[in-house]
Amino acid sequence: MSYFNKDIETLPLDRLRKLQNERLQQQLKNVYAKVPFYKQLFDEKGLTPADIKGVEDLYKLPFTKKSALRDNYPFGLFTVPVSETARLHCSSGTTGKPIVVGYTKNDLEIFSEVIARSLTAAGCTPGMKLQNAYGYGLFTGGLGLHYGAEKLGMTVIPISGGGTEKQIMLLQDFQSEAICCTPSYALTIAETIERKGIDLKSMNLKYAILGAEPWTESVRMEVEAKLGVTATNIYGLSEIIGPGVSQEDFEEKGTGSYIWEDHFYPEIVDKDTGEPLPEGENGVLVFTTLTKEAMPMIRYWTNDITSLYYDKSSKRTHVKMGQILGRSDDMLIIRGVNLFHTQVESVLENFGEFSANYQLIVRRSGTMDEVEVNIEINHDLFEGLKREASLNDEEVLQHDKIQYAHKGLGKKIKDDIGLSMKIHLACPGTIPRSEGGKLNRILDLREK
Ligand code: ADP
């Protein structure tokens, strides 16, 4: 196992807790004294920072929700004058006013530190070239990965998202060993390479660090096979720091992502009651930043649904989070059943006949909500059937092999998720792709 900061990544849990508690008390005193919003939260509960002795007392405090950032737009939650910040970013949200986040120089140092740890866990080493295909700009992804990779000693190629042809040209010409981007954009690059018949041997890609949107094993399988990489998960959100809040280790793929707990203390709570949930149960992920200076967050309600657990078999001591199922506000409720699009994506893992390109279309028919899964046939299978049997596109969709898989998918979705969904088979290349950033997998056609 490789570490960027071995002492802290393997710090025994009792010492990690002690460090967290010291940092928490400092942080609470600071926000109480400097941010009227937080002082009011404490006062309304009749609490002072002294009442919170450690992380186990955090439950006494109320949550901070996204509305607090909107209500205090743009700088109302800062603990320092804007002149003392070194950088401002915004979340990538597209509706209404953006969420603004500020960083002091020290915050940017911590941002780089957690990214350097994350890239190391992902398999990267000093001297490797990182093609940074996260968007540069107000989004925290591009610059976040950039400075963290430099801190690790990598050579950064700041290409940003999009421009797929150029991405591929640089992968070949520069022989980049690592790439970071959204998983849906990694699929776009991978498919373009396949479509153009480019030999993977002309590239030198070994690692893909993917995040900023939910993804599952079926996307991992496709990206790994088509790009010839080991793909790991990176998670984060602007309000907490940006990407690098947690990262999966490439040698422990599929067992969850380490949350860098010395900086970000996580809790999992019930999405309806807000009550803390035991290890392993799914709920809303809540973070308290322990070291952030410019804009600390206390019990920030991320809306992301996942679970936490301590992997006793690992040398790293920090807690792991499972895959993000989705954001609780993106959860569909269909005929009384809760549904995240990642659940459908997980089912696809069992069907090599389909690609990981899919979209869920939600419609209202009378008083009933219905979900249709729009899914593409695997490109090689599709072309193979066309060639072997001289079929046209429509005839391929009707082919026995495809129809058999069609029925099998419908049944597996019903068995695993508990909902019947109509499945619409589509030809390769017909469902919307990521053009560089996050991809919306749900098309909701219900009247609001
Ligand atoms: P926005 O809310 O505008 O998308 P950010 O760009 O800060 O703002 O995105 C943070 C959100 O992106 C997270 O709260 C989460 O919903 C999602 N996200 C980030 N990384 C991952 C990941 N690895 N897996 C699943 N979702 C992720």
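Both ligands and their constituent atoms are indexed starting at 1 by order of listing.
For ligand 1 and Gly211, the ligand atoms under 4.0 Å from any heavy atom of the residue are 23 (N). In summary, the atoms of ligand 1 found under 4.0 Å from a heavy atom of Ser91, numbered by their order in the structure, are 3 (O), 8 (O). Interface atoms of ligand 1 facing Asn233, defined by a heavy-atom separation under 4.0 Å, are 22 (C), 23 (N). Atoms of ligand 1 lying under 4.0 Å from any heavy atom of Ser238, numbered from 1 in the order shown and given with element: 5 (P), 7 (O). Ligand 1 places these atoms under 4.0 Å from at least one heavy atom of Ile324: 24 (N), 25 (C). Contact atoms of ligand 1 toward Phe139: 6 (O) (distance under 4.0 Å to a heavy atom of the residue).
Of all the heavy atoms in Ile209 and Ala178, the pair that sits closest is CD1-CB, 4.3 Å.
Glu213 and Ser184 share a donor-acceptor pair across their side chains, judged by distance under 3.5 Å alone. Under the 3.5 Å distance criterion, with hydrogens and angles disregarded, no donor-acceptor pair is assigned to the side chains of Gln26 and Glu22. Checking Glu9 against Tyr3 by side-chain atom types alone, no donor-acceptor pair falls below 3.5 Å. Judged by distance alone, the side chains of Tyr134 and Thr140 never bring a donor and an acceptor atom under 3.5 Å apart.
Geometrically, ligand 1 and Ile234 share a nitrogen or oxygen pair separated by less than 3.5 Å. Remark: ligand 1 and Leu237 share no N or O pair separated by less than 3.5 Å (distance only, no angle test).
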Which atom pairs, one a donor and one an acceptor, fall under 3.5 Å between side chains of residues 329-336 and the rest of the protein, sequence neighbours left out?
unit_1 : atom_1 : unit_2 : atom_2 : d
Asp329 : OD2    : Asn303 : ND2    : 3.4
Arg335 : NH1    : Asp369 : O      : 2.7
Arg335 : NH2    : Ser420 : O      : 3.2

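Using a 4.0 angstrom heavy-atom cutoff, Asp304 counts as in contact with ligand 1. Not close to ligand 1: Gln247, with no non-hydrogen atom less than 4.0 angstrom away.
With distances taken over non-hydrogen atoms, the option nearest atom 5 (P) of ligand 1 out of Lys438, Glu239, Glu213 is Lys438. Closest heavy-atom approach to atom 2 (O) of ligand 1 within the set Arg327, His89, Met321: this belongs to Arg327.
Pairs passing the side chain to side chain donor-acceptor pair (under 3.5 Å) check and including a residue from residues 283-294, sequence neighbours excluded, read Thr104-Glu293, Asn106-Glu293, His263-Thr291.
Other residues, nucleotides and ligands contribute over 12 non-hydrogen atoms within 6.0 Å of the CD atom of Glu279. Open room surrounds OH on Tyr147; 12 or fewer heavy atoms of other groups in view lie less than 6.0 Å from it.
Only the side chain of Lys66 comes within contact range of ligand 1, with a heavy atom under 4.0 Å; no backbone atom does.
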